[in-house]
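Here is the structure we will look at.
Naming: A, B, ... by sequence-line order, numbering from 1 per chain.
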Amino acid sequence: MKSNKVRVRFAPSPTGPLHIGGVRTAIFNYLFAMQNDGDFILRIEDTDRNRFVPGAEEYIIESLKWLGIEPTEGVGIEGAYGPYHQSERKEIYKKYANELIQSGHAYYAFDTPEELEMMRERLKVEKSSIQQYNAVTRVNMNNSLTKSEEEVNEKLANGTPYVIRLKLPDDEDIKFSDIVLGDFSFHSSQLDDKILFKSDGMPTYHLANVVDDHLMKITHVIRGSEWTNSTPSHILLYKYFGWENEMPTFAHMPLLLKPDGKGKLSKRDGDRLGFPVFPLEWVNPETKEISSGYKESGYFPDAFLNFLVLLGWNPGTTQEVFTKDELIKIFSIDRIGKSGSKFDLEKAKWFNHLYLQEKKTEDLVQEFKPILNEKRVKTDDEFLLDVLNLVKERATFVSDLWSLTSYFFEAPISYEAKAVKKKWKEDSPDLMTEIVTILKSTDDFSAANLEEVIKKHIEDNELHMGKVLNGIRLAIVGSASGPSVFEIMSLLSAEESIKRIERAVQTIKKN
RNA sequence: GGUCCGUUCGUCUAGUCAGGUCAGGACGCCAGGUUUUCAUCCUGGUAACAGGGGUUCGAAUCCCCUACGGACUACCA
């Protein structure tokens, strides 16, 4: 057993459904953990009560489950480093915040929102290069650094709302190295005195994140690059807590961008873009608004995962199709690209098509059954297996299967106008009547035999192959497309095929 | 505005660190082939180094500038 076991975490906040960017972050964390025989921890960062959305946490867990990237520890599983909801760890954060105050690396601030607003306005008007609460501006504000000890103690005693801010150094370069982005350096004067502890008794992300990652022995922080700019503050926190030597390795991943151009993909994009941005369907508990999900749209989880993992990462070879186990073997953080990517729905569909072809037809039969039930179609598995084997290669989604096969279960009640015009000629009824005669006298209704008999008839009478076969297709399918008519008739039975052709002869109007 | 990051076919990308194949693959698209049709499938094609300066015998690759794009700049994460 390695002493420094790899431990990574996926730490979403339950503010709504997980979008595909978050899903990708989870995938990368999962792959990295599995590759190193490490732990993959799910931590719920629910420190913002105002943004809490009921059902979001369950949604996150369900999504990971659907994709087959379940955590090995954390919310829903538990483990030795719990609790894993940050809201249940308030006391821990409080303790560490106080520790920072004791050591002089943090201070109380009593500024009201209005005062903060005024400060920002003033700095803006002055066109100051500094527009945040930091070493320069804090001296003019209402905090424990500018007030006397008595005043501070009085405020604290009488319940004046306060926050705890990180006291940044005046002049210090904060350096860190990121697996994806490389070496970084920020000057402390460009940073702000981040709020660590809010007046409602909850920590902010910055404090909770650092404390938890340390306490939970996280070795690698793999997160979205929207966190890059606040990482220096996190580094400082590790340093001030004396955890510098056990600091995790950082890897900031490029963001998923809106395909229509501007900005990072957000939860609000929903179906506005013409495709799902969520793994599972989501019903907004307040508005009841429904956002579609990849699962419900018919994507297979493994196909979706395969597609998603290639957004911003590649193995350095031309291989694009991977099983999860292969991914676990070959994934590497340092092959994650630096720039954001938009995604291509067409390619996602292509992956799904590919994965559908790889599925056993027996399994597709089972997946298809619910759709048939909905359509009130009664049939047996053996027949379904034959039917699906015939049309499988034409499908991208299981849901395509119905439109591809409906004529096997219901005789056409109408004939596609365009197909009639193109394929049903003046002599078609006579041609079809002849076919009926042949069919009636054929005992062997296998596709092979039908093909032989009918082709012989065509040759003997010097008929046009397309004309005859297209006519049959129109009669039994109702449209001009589909697999081999011999196969279809064979599966449909002699009786049904004859019935359909006879009906077509009577029904289709010549024009 | 400030700070940080990025920019190769329409899209995802290889190649950049260690400069030297008319820049490779995939999706899409187009064409041809297979097929009774429509798909699938097969073959081929289309299409990119953001722009400008350097350095060099030689630059997608190294340096500088510009443009464009993105992130952050909340008592949100």
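Distance check on atom P: B:rG32 versus B:rC49 gives 29 Å, rounded to whole Å. Remark: the separation of the P atoms in B:rC5 and B:rC64 is 12 Å, to the nearest Å. Look at the P atom in both B:rG44 and B:rC27: the space between them is 13 Å, to the nearest Å.
Applying the salt bridge (charged side-chain N to carboxylate O under 4.0 Å, His left out) test to residues at least two apart or on different chains, the pairs with a partner in residues 85-98 of chain A are A:Arg89-A:Asp212.
Pair assignment for B:rC4: B:rG70, on the basis of Watson-Crick or G-U wobble contacts that are both within less than 3.5 Å. Across all strands shown, B:rU34 has no partner, as no Watson-Crick or G-U wobble contact with both distances under 3.5 Å is found. Nucleotide B:rU56 forms a pair with no other nucleotide shown, judged by Watson-Crick or G-U wobble geometry with both contacts under 3.5 Å.
Contacts of A:Lys392 with the nucleic acid, taken as non-hydrogen atoms under 4.0 Å apart, are absent. Residue contacts for A:Arg120: at a heavy-atom cut-off of 4.0 Å it reaches the sugar-phosphate backbone alone, with no base atom in range. Counting non-hydrogen atoms under 4.0 angstrom, A:Asp400 reaches nothing in the nucleic acid. Residue contacts for A:Phe186: at a heavy-atom cut-off of 4.0 Å it reaches the sugar-phosphate backbone alone, with no base atom in range. Counting any heavy atom pair closer than 4.0 Å across all strands shown, A:Leu310 reaches sugar-phosphate atoms only and no base atom. Residue A:Glu45 is classed as a sugar-phosphate contact, given heavy-atom separations below 4.0 Å to backbone atoms only. A:Ser484 comes within contact range of at least one nucleobase, with a heavy-atom separation under 4.0 Å. Using a 4.0 Å heavy-atom criterion, one finds that A:Gly482 contacts the bases of the nucleic acid, with or without backbone contacts as well. In this structure, A:Gly312 reaches the sugar-phosphate backbone alone: every heavy-atom distance under 4.0 Å involves primed, P, OP1 or OP2 atoms, never a base. At a threshold of 4.0 angstrom between heavy atoms, the contacts of A:Pro12 with the nucleic acid are absent. If you check every strand for non-hydrogen atoms under 4.0 Å, A:Phe184 touches sugar and phosphate atoms only. Nucleic acid contact for A:Thr318: sugar-phosphate only, since backbone atoms but no base atoms lie under 4.0 Å from a heavy atom of the residue. Contact annotation for A:Arg49: no contact, since no heavy-atom pair falls under 4.0 Å across all strands. Here A:Ser341 lies in heavy-atom contact (under 4.0 Å) with sugar-phosphate atoms only.
Partners of A:Tyr162 under the ring pair (Phe, Tyr, Trp, His ring centres under 6.0 Å) rule, at least two apart in sequence or in another chain, are A:Tyr108.
Remark: the A:Glu57 side chain and the A:His85 side chain contain an N/O donor-acceptor pair separated by less than 3.5 Å. Side chain to side chain, A:Asn314 and A:Arg335 meet the donor-acceptor criterion of an N or O pair below 3.5 Å.
For A:Tyr205 and A:Trp227, the ring centers are positioned less than 6.0 Å apart. For A:Tyr299 and A:Tyr355, the ring centers are positioned 6.0 Å apart or more.
Rounded to whole Å, atom P of B:rU34 lies 17 Å from atom CD of A:Glu393.
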